[in-house]
Amino acid sequence: MSFDYDLFVIGGGSGGVRAARISAGYGAKVALAEESRMGGTCVIRGCVPKKLMVFASAAPAEAAQARGFGWEDATAGNFSWDAFKVRLDAELNRLEAAYTKGLEVAGVNIFHQRAHIVGPHEVELADGMRVSAKHILIAAGGRPYLPGIPGDDLGMISDDLFLLDRLPGRVLVVGGGFIACEFSTILNGLGVDTTLVYRGDKVLRGFDNDLRELLTMQLADSGIHVRLKQNPARLDKQGDQTRVTFEDGKVEDFDAVIFATGRAPYTKGLGLENAGVTLAPNGAVAVDEWSQTNIPSIFAVGDVTDRVNLTPVAIREGHAFADTIFGNKPHNLDHGLVASAVYTRPHEVASIGMTEDEAIQRGGVEIYDTRFRPMKSLFAGSDARVMMKLIVDEATRKVLGCQIFGPEAGELIQLVAIPITMGATKEDFDLTVAVHPTLAEELVTMRQPSRRHEAPAPA
Ligand code: NDP
């Protein structure tokens, strides 16, 4: 049977673009449909603009630190959202064009419109055109999830922040995950009166407990009004403000409410039922370790599969798919050991592998940890403490996890992820000569375990 294409990719985000480009490089005839801007969530309304906003928001604290080093008049001055926005838009346009160009050069046929599946080998485009393909790859990503309380449509989602004409004066951020922590940090740094409301007792559920405690304290210390064990119950319009009624009955008005209450796989209207593609109970496209659905010709990568919802994971999944199907190099991604970072300020949270809570459950581990005030911020008069922790298997001596709270912790975890992925032992870390004076040298100079968690007694 002959098809119009070897591969049709639905979604021009990180996973879809990588899969399309690599597949085309292997000689496959590839088409890709994207209904919005090329680059997807990460490039257009996620990681990239977010990190640029993190940099912008750090300027006042950096100026304060400069004063501590003797630059007595240092000040960040007035922040111009307009000036920043012009540069931000230009950068996103540049990146979007680069993504499009990369696909075009690779020979991928791009359809700038929505596509949905009509059968195991067929998709229909928004203009009604039908196209057949030997393989279909779903890379449609995720969408913010709203909590479903009355009036939640009055709130904003993180996507909206990048489109604002002006910064609101007083904002409520709802949630305690990646986006809530990062966006409340950004808004606070930019001078917005920011309140973070989270239903739990400390932010970043699922992360190492020490990281959670330290970040919760840092958010409050940096001037964000952190309200824990609290949640909005309803939103109402109140003139040009949003009136929030909290679950304990308190009522307060904000210029804007931002929901950062998680994301869900974007499968709506994809036509999965037309081909009989099975969904997981949480609504994600169900796939095996080869990113293959129950329909042999249909695959899925990235957030739409809700495995590990991070850009580099989607990229790896897309690349592995292309190598396997078109490159005659079958391999898949081990989702077990993926580093991540939360870009807060002044200190970031970064993590790979086992947390101490998991270590306690498992037993047979040593914990090496250290807390200290780094020389740079200490000199400038700050009391902020860094925390680094290694979790080591007592029997094999392998480093099973690393947890860091500190400046540029994301950069540190990227490097320490290499030996940990390679299976390095604590003794390999000990053999490594420190680079002095750095923050990261602490990772190779922790000699004595701070505590041990015993293996559970045999039943
Ligand atoms: P997260 O899953 O990280 O956090 C969602 C937060 O919303 C949690 O604190 C959760 O609370 C809370 N929540 C969920 N439902 C409700 C509700 N009904 N009412 C009140 N609170 C609720 O999602 P995010 O939206 O922060 O981010 C989405 C994903 O995007 C992340 O999981 C991550 O994969 C990715 N991301 C990665 C970044 C990075 O790598 N730096 C940055 C930004 C996003 P609870 O914990 O109690 O369930």
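Both counts, for ligands and for their atoms, begin at 1 and track the order of listing. For the numbers below, each heavy atom of this structure counts, side chains included, while hydrogens, waters and symmetry mates do not.
The shortest separation from a heavy atom of Ser340 to ligand 1 is not under 4.0 Å, leaving the residue out of contact. Residue contacts with ligand 1 include Ala341, since one of its heavy atoms falls under 4.0 Å from the ligand.
Scanning the protein heavy atoms around atom 29 (C) of ligand 1, the nearest turns out to be Arg263 CD, 4.0 Å. Of the protein's heavy atoms, Gly262 CA, 4.2 Å lies nearest to atom 2 (O) of ligand 1.
Of the polar atoms of Tyr145, none of the N or O atoms is found under 3.5 Å from an N or O of ligand 1, judged by distance alone. Taking distance alone, with nitrogen or oxygen atoms compared against 3.5 Å, Pro147 stays at or beyond that limit from ligand 1. Of the polar atoms of Gly175, none of the N or O atoms is found under 3.5 Å from an N or O of ligand 1, judged by distance alone.
Using a cut-off of 4.0 Å between Lys/Arg side-chain N and Asp/Glu carboxylate O, Arg143 and Asp159 are scored as not salt-bridged.
When the heavy-atom distances from atom 1 (P) of ligand 1 to Gly176, Cys47, Gly177 are ranked, the shortest goes to Gly177. Ranked by closest heavy atom to atom 48 (O) of ligand 1, the top entry among Arg205, Lys50, Glu182 is Arg205.
Contact atoms of ligand 1 toward Asn309: 33 (C), 34 (O), 35 (C) (distance under 4.0 Å to a heavy atom of the residue).
When each of Asp210, Thr370, Thr355 is checked for a side chain to side chain donor-acceptor pair (under 3.5 Å) with Lys389, only Asp210 meets the rule.
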